[in-house]
Amino acid sequence: MNTTDNLIPRPSHVEFSDRQAFILSPTARIIAYGGSPPAAEQLASQLRRGTGFALPLAEDRKSGDIILALEEKFDGGPEAYTLSVTEDTVLITAATGAGLFNGVQTLRQLFPPAFEGSHPSAGHTTATWEIPAVEIADTPRFAYRGLMLDVARSFLSVEELKEQIDIMAQFKLNALHLHLTDDQAWRIEILEPAENPSGLDYRQLTAVGGAGAVEVATAVPPRGKSGFYTQQDFRDIQAYAASKNVLVVPEIDLPGHVNAALAAIPQLNPDGKAKPMSTTAEVGWSTMTADLPATYEFVREVLRQLAEITTGPYLHIGGDEAHVTGHDDYVAMVQQFVRIAAETGKAVMGWNEFAAVELPEQAVVQYWHGDFDPVLQQVGTNGVKVLMSPAATTYLDQKYGPDSPIGLSWVEGGPFTWSEYYNWDPAQGGLHDQHILGVEGPLWSETVRTNQQAQWLLYPRAISLAEVGWTGQEMRNAGDFRRRLGAMGERLTRQGVAFQEAPDVDWSARPEWPFTDSSAYPTGEYGRIEA
């Protein structure tokens, strides 16, 4: 079988050739034209690790080289690329570094999975590294193809986030939404401002909220690890993500999901007394106070600092599940929060509940459940974009089935396997492609304890979402995808990725089971409070 049949996501156009295959030789080099060293260096590093070849970067072209070329006149969009493989040369062409990066990921999948892994494979220097002659022209359906990690409830270190970025980027997922705050924890450092009229001690946000409920002896269930990201950590995460063509979107959830802030800063409570830290998985029971001046002072300072350290264009302000916030108070607060966020120069994002307020033109509504009408009204009136995250087809925290050791089970329907996440069209509910920014798969982490367990819930479902976001609806086929997904098993296993072994997939290899210690993950049911 030609190895191009195993590409995920499926490219826009693939044309096979009867010509001889390209064979990577020990004398091959990586050539960078037009200022493409970052992608060239990453490709060289990957191939060196996998093959043991030297693969130096060079400028003069010769037969047997792999060439990356940036061309300003290249047409197709900022992430588009072409990949041409002949007996003599591999050529990737794009208009941007993002396009070259995408082309490199496709080239990576053309090579046999044997070169994958985290350790040098000097023993493979005698292997034949062959890829077929092929012409590929490719561009994504949607600009935004993301994952969300709930690091508030289950903290992931900087290095663990980088591991997640490495995995997702190979499938051309290009956005990482970090849910940084919630009732259970506050995970981003906010520095003491020069002007602080109400004397709010912002250092307590991470001193108290960074611990998470794991530090509370009576916590039921126990929460993920304590920890938080310093502002320098956050810059480091973004820089690493950018090198893998991944945009980082930070979220401060408001005006609900705020108990960690209320526990850290007493002045945010009407009685001036700090709330106790949360020890439950319940949601929808905390709120900020609309007629408290400290509320707006706090939000303005937090969003100002977050905007200053965020390199991407978006600030996410949550807005979901504010069940104990009165409607009028919700509208008053969220309207003001939207204005504050917009004043930072960032485009404001929020869950679809925040469509109840007037949104600026650059805003993004993240649809997760409920009525489409307010979203459609915002699209029609203000021209906002929609990020599609309908729970039943994108929420990666759901149990695969009743016997899943971790995961949530509040979404109706199921089972929640790779096919449910593949067999849907984001253009639904009256939305068309031009209204949709993209798709995102959220992973809420109430039951997650390790990075491997997070991977197990993410994959293979996140791979399904990657193709939904990249490949045109008319080109997708579930049976064909299932075959390609099975072929991906060896590649993922060699990378050390934990994934769920969907029983209806013929896997080329199977991962290690990430639940060797029964005490490392919780039992019981977790649910969301419905409005």
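Just so you know, these numbers come straight off a predicted model, no measurement behind them.
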> Do side-chain atoms of Thr310 reach the backbone of Gly312 as a donor and acceptor pair under 3.5 angstrom?
Replying inline: no
> If every non-hydrogen atom of Glu163 is compared with every non-hydrogen atom of Asn451, which pair is closest and at what distance?
Replying inline: OE1-ND2, 3.0 Å
> Mind checking whether Trp410 and Trp368 have parallel, tilted or perpendicular rings, split at 30° and 60°?
Replying inline: perpendicular
> Taking the six-membered ring where the residue is Trp, are the ring centres of Tyr422 and Phe481 under 6.0 Å apart?
Replying inline: yes
> Do Phe16 and Pro132 come close enough that some side-chain heavy atom pair is under 4.5 Å?
Replying inline: no
> If you measure only the distance, is there a donor-acceptor pair under 3.5 Å linking the side chains of Tyr81 and Thr106?
Replying inline: yes
>> Among residues at least two apart in sequence or on other chains, which ones pass ring-ring contact (aromatic ring centres under 6.0 Å, His included) with Trp470?
In response: none
>> Under 3.5 Å, is there a donor on one side chain and an acceptor on the other for Glu420 and Thr417?
In response: yes
> Does a donor on one side chain and an acceptor on the other come within less than 3.5 Å for Trp418 and Asp504?
Replying inline: yes
> If only atom types and distance count, is the side chain of Gln377 paired as donor or acceptor with the main-chain N or O of Asp373 below 3.5 Å?
Replying inline: no
> Looking at the rings of Phe155 and Tyr229, which for Trp means the six-membered one, are their centres under 6.0 Å apart?
Replying inline: yes
> After noting the C-alpha distance and the side-chain angles of Val134 and Glu15, does the key distance pass the side-chain contact (heavy atoms from CB on, under 4.5 Å) rule?
Replying inline: CA-CA 6 Å; Val134 66; Glu15 183 177 348; 5.9 Å; no
>> For a 4.5 angstrom cut-off between non-hydrogen side-chain atoms, does Tyr144 reach His177?
In response: yes
> When you check the side-chain N and O atoms of Gln495 and Gln170, is any donor under 3.5 Å from an acceptor?
Replying inline: yes
>> For Asp506, I'd like to know if atom CG has over 12 heavy atoms of other residues, nucleotides or ligands within 6.0 Å.
In response: no
>> Are Leu247 and Leu176 packed together at the side-chain level, in the sense that at least one heavy-atom pair is separated by less than 4.5 angstrom?
In response: no
>> I'd like to check the side-chain contact (heavy atoms from CB on, under 4.5 Å) partners of Leu396; sequence neighbours left out, ordered by chain and number.
In response: Leu147, Tyr421, Leu443, Leu458, Arg461, Ala462, Leu465
>> What I want to find out is whether Asp433 reaches Arg141 closely enough, with some N-O distance under 4.0 Å, to be called a salt bridge.
In response: yes
> Are Lys244 and Lys162 close enough that some pair of their side-chain heavy atoms sits under 4.5 Å apart?
Replying inline: no
> Tell me, do Val246 and Tyr240 make a side-chain contact under 4.5 Å, heavy atoms counted?
Replying inline: no
> Among Ile436, Leu437, Val365, which residue meets the side chain to side chain contact (heavy atoms under 4.5 Å, CB included) test with Met388?
Replying inline: Ile436
>> Check whether Asp397 reaches the backbone of Leu457 with its side chain - one donor and one acceptor, N or O, closer than 3.5 Å.
In response: no
> Which is it for Phe499 and Trp507 under the ring pair (Phe, Tyr, Trp, His ring centres under 6.0 Å) test, yes or no, and what are the steps along the way?
Replying inline: CA-CA 11 Å; Phe499 62 91; Trp507 296 103; 4.8 Å; yes
>> Run the side-chain contact (heavy atoms from CB on, under 4.5 Å) test on Thr381 and Leu359 for me, step by step, so that the C-alpha distance in whole Å, both residues' side-chain angles and the decisive distance to 0.1 Å come before the verdict.
In response: CA-CA 9 Å; Thr381 303; Leu359 299 176; over 6 Å; no
> Are the aromatic rings of Tyr367 and Trp351 close, with centres under 6.0 Å apart?
Replying inline: no
>> Would you say Gln366 and Glu440 are linked by a side-chain donor-acceptor pair, where the criterion is simply a distance under 3.5 Å?
In response: yes
>> Going by side-chain contact (heavy atoms from CB on, under 4.5 Å), name the residues that satisfy it together with Ala342, two or more places apart in sequence or in a different chain.
In response: none
> Within a radius of less than 6.0 Å around CD of Glu512, do more than 12 heavy atoms belonging to other residues, nucleotides or ligands occur?
Replying inline: no
>> One thing to verify: whether Arg187 and Asp182 come together as a salt bridge, which I'm taking to mean a side-chain N less than 4.0 angstrom from a carboxylate O.
In response: no
> Quick one: do the Ser12 and Asp138 side chains pair a donor with an acceptor below 3.5 Å?
Replying inline: yes
> Would a 4.5 Å heavy-atom cut-off, applied to side chains only, mark Arg476 and Arg10 as touching?
Replying inline: no
> Is the shortest heavy-atom distance from the side chain of Asn6 to the side chain of Gln109 under 4.5 Å?
Replying inline: no
> How are the rings of Trp513 and Trp456 set relative to one another: parallel (under 30°), tilted (30 to 60°) or perpendicular (over 60°)?
Replying inline: perpendicular
> Which of these passes side chain to side chain donor-acceptor pair (under 3.5 Å) with Glu79: Thr139, Asn245, Thr96?
Replying inline: Asn245
> Looking at Gly489 and Ser508, what are the two nearest heavy atoms and their distance?
Replying inline: N-OG, 3.5 Å
>> Please check if the number of heavy atoms outside Glu412 that lie under 6.0 Å from its CD is greater than 12.
In response: no
> Is the shortest heavy-atom distance from the side chain of Met148 to the side chain of Asp150 under 4.5 Å?
Replying inline: yes
> Can we say Arg339 and Glu343 salt-bridge, meaning some charged N sits less than 4.0 Å from an Asp/Glu carboxylate O?
Replying inline: no
> Please walk me through it: do Leu315 and Met349 pass side-chain contact (heavy atoms from CB on, under 4.5 Å)?
Replying inline: CA-CA 6 Å; Leu315 282 186; Met349 300 179 75; over 6 Å; no
> Between the main-chain N or O of Ala137 and the side-chain N or O of Thr82, is there a donor-acceptor pair closer than 3.5 Å?
Replying inline: no
> Going by distance alone, is a donor N or O of one side chain under 3.5 Å from an acceptor N or O of the other, for Asp183 and Ser286?
Replying inline: yes
> Would Leu7 and Ile136 count as a side-chain contact (heavy atoms from CB on, under 4.5 Å) if you check the C-alpha gap in whole Å, the side-chain angles of each, and the deciding distance to 0.1 Å?
Replying inline: CA-CA 11 Å; Leu7 297 176; Ile136 296 175; 3.9 Å; yes
> For residues Thr287 and Thr325, is any side-chain donor paired with an opposing acceptor at under 3.5 Å?
Replying inline: yes
